[in-house]
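Okay, so here's the structure we're looking at.
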Amino acid sequence: MGKIKIKAKEKEEGIVSVIALLKHPMLTYDQAKKKGKEPNFIVYIEAKSNGDVVYEASTSQFLSKNPLIKFKYKGKKGEELELSWVDLKGNTESKKVKVKG
Amino acid sequence: MERRRFLGLTLGAAAISLAPVSVIAKNYRKELPDVWKIKNKEDENDLTGTNEAIKAIFGTDKTEEGKITLKAPDIAESGAQVPVSFKIDKANRIALFQTANPEALVAIWDIPERGIPDYALRIKMAKTGIVTVVAEVDGKLYRASKVVKVTAGGCGG
């Protein structure tokens, strides 16, 4: 299982709809304290297409566990979309997909 | 000849190294480290924390109603996965807040040139609270809020 699952599709002409599932425990400070673990959660998500940033979010511990995000941007089928994230500890993951039509 | 080539190369390299600057993304964790620490009051109907965070991000908490369509459930069975979505024709920056957790801020989005601010995500809510989304459009701030009743908190387990 990959750590990122992406569905990217040009649903309306010139508009790409994206659904992404990011596998991450998103452990809040409170949860971490209870579990005796260190808090860690995704702090930044970015998506790029042809070198342009098309989505960017600075995020907190309050996104759900294994965050599911949806967004849209101006793009076309066949283009590449690369989504990446960084967590509090500096771990990163990224994934590239081709936009479907 | 040699020198001209060198200059050409240097200029070319400078142009390349300059190009990404305009698309370099803004990580608000680094840019505004303190806004993430702004606490909510104990009372879930108290928007003090939300307003403080709005002011810290956008410079003012003077907002107008309208323009934003915010969707969130009236009642969430589990506070661990509360679906929230919002939509606006255009915006430069959007931020999401709630009054249910220890801190107010959930996320900040800069809307890139090719971005379409029709976004959704799932958030955690420790208890019932008010979800607020604020969008900056050409220097004006718009706000939409919704109460979400949480029957089982999402920050406990």
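All chains are named by letter (A, B, ...) in the order of the sequence lines, taking the proteins before the strands, and each is independently numbered beginning at 1. Computed from a predicted structure; not experimentally measured.
In this structure, B:Glu64 places its CD atom where more than 12 heavy-atom neighbours from other residues, nucleotides or ligands lie under 6.0 Å away.
The two atoms that bring B:Ala80 and A:Ser64 nearest to each other are O-CB, 3.2 Å, heavy atoms only. Shown here for A:Ser58 and B:Trp36, the closest heavy-atom pair between the two residues is O-CH2, 3.3 Å. Residues B:Lys124 and A:Met26 share a closest heavy-atom pair of NZ-O, 2.7 Å. For the residue pair A:Phe41 and B:Arg29, the shortest heavy atom distance occurs at CE1-NH2, 3.5 Å.
For the set A:Val43, A:Ile19, A:Val16, A:Val18, the entry with the most heavy-atom pairs within less than 4.5 Å of chain B is A:Val43. Contacts with chain B were tallied for A:Phe71, A:Tyr29, A:Tyr55; A:Tyr55 has the most, counting heavy-atom pairs under 4.5 Å. Counting heavy-atom pairs closer than 4.5 Å to chain A, the top-ranked of the candidates B:Ile108, B:Ile111, B:Leu121 is B:Ile108.
Both the backbone and the side chain of A:Ser49 come within contact range of chain B, with heavy atoms under 4.5 Å apart.
Hydrophobic clustering places B:Leu32 together with B:Ile54 (ILVMFWY residues linked when any side-chain heavy atoms are closer than 4.5 Å, directly or through intermediates). Under a hydrophobic-cluster definition in which Ile, Leu, Val, Met, Phe, Trp and Tyr are linked whenever side-chain heavy atoms come within less than 4.5 Å, directly or via other members, B:Leu47 and B:Val133 are assigned to different clusters. A continuous path of ILVMFWY side-chain contacts below 4.5 Å connects B:Val106 to B:Phe86, so both sit in one hydrophobic cluster. Cluster annotation: A:Tyr44 is not connected to A:Leu27 through the hydrophobic network of ILVMFWY side chains, with a link wherever side-chain heavy atoms come within less than 4.5 Å. Both B:Val84 and B:Tyr142 are assigned to one and the same hydrophobic cluster, defined by single-linkage of ILVMFWY side chains at heavy-atom distances under 4.5 Å.
Once rounded to the nearest 0.5 Å, the distance linking CD of B:Gln81 with CG of A:Leu63 reads 10.0 Å. Separation of atoms CZ (B:Arg114) and CG (A:Asn50) is listed at 6.0 Å; rounding is to 0.5 Å. Taken to the nearest 0.5 Å, the OG atom of A:Ser60 stands 10.5 Å off from the CZ atom of B:Phe97. Residue A:Leu68 holds its CG atom at 13.5 Å from CD1 of B:Ile123, rounded to the nearest 0.5 Å. Going from atom CZ of B:Arg122 over to atom NZ of A:Lys65 covers 13.0 Å, rounded to the nearest 0.5 Å.
Residues A:Val53 and B:Pro112 meet the side-chain proximity criterion, which asks for heavy atoms closer than 4.5 Å. In this structure the side chain of A:Asp52 never reaches within 4.5 angstrom of the side chain of B:Glu113, judged on heavy atoms. Residues A:Phe62 and B:Pro102 have side chains in contact (heavy-atom distance under 4.5 Å, counting atoms from C-beta outward).
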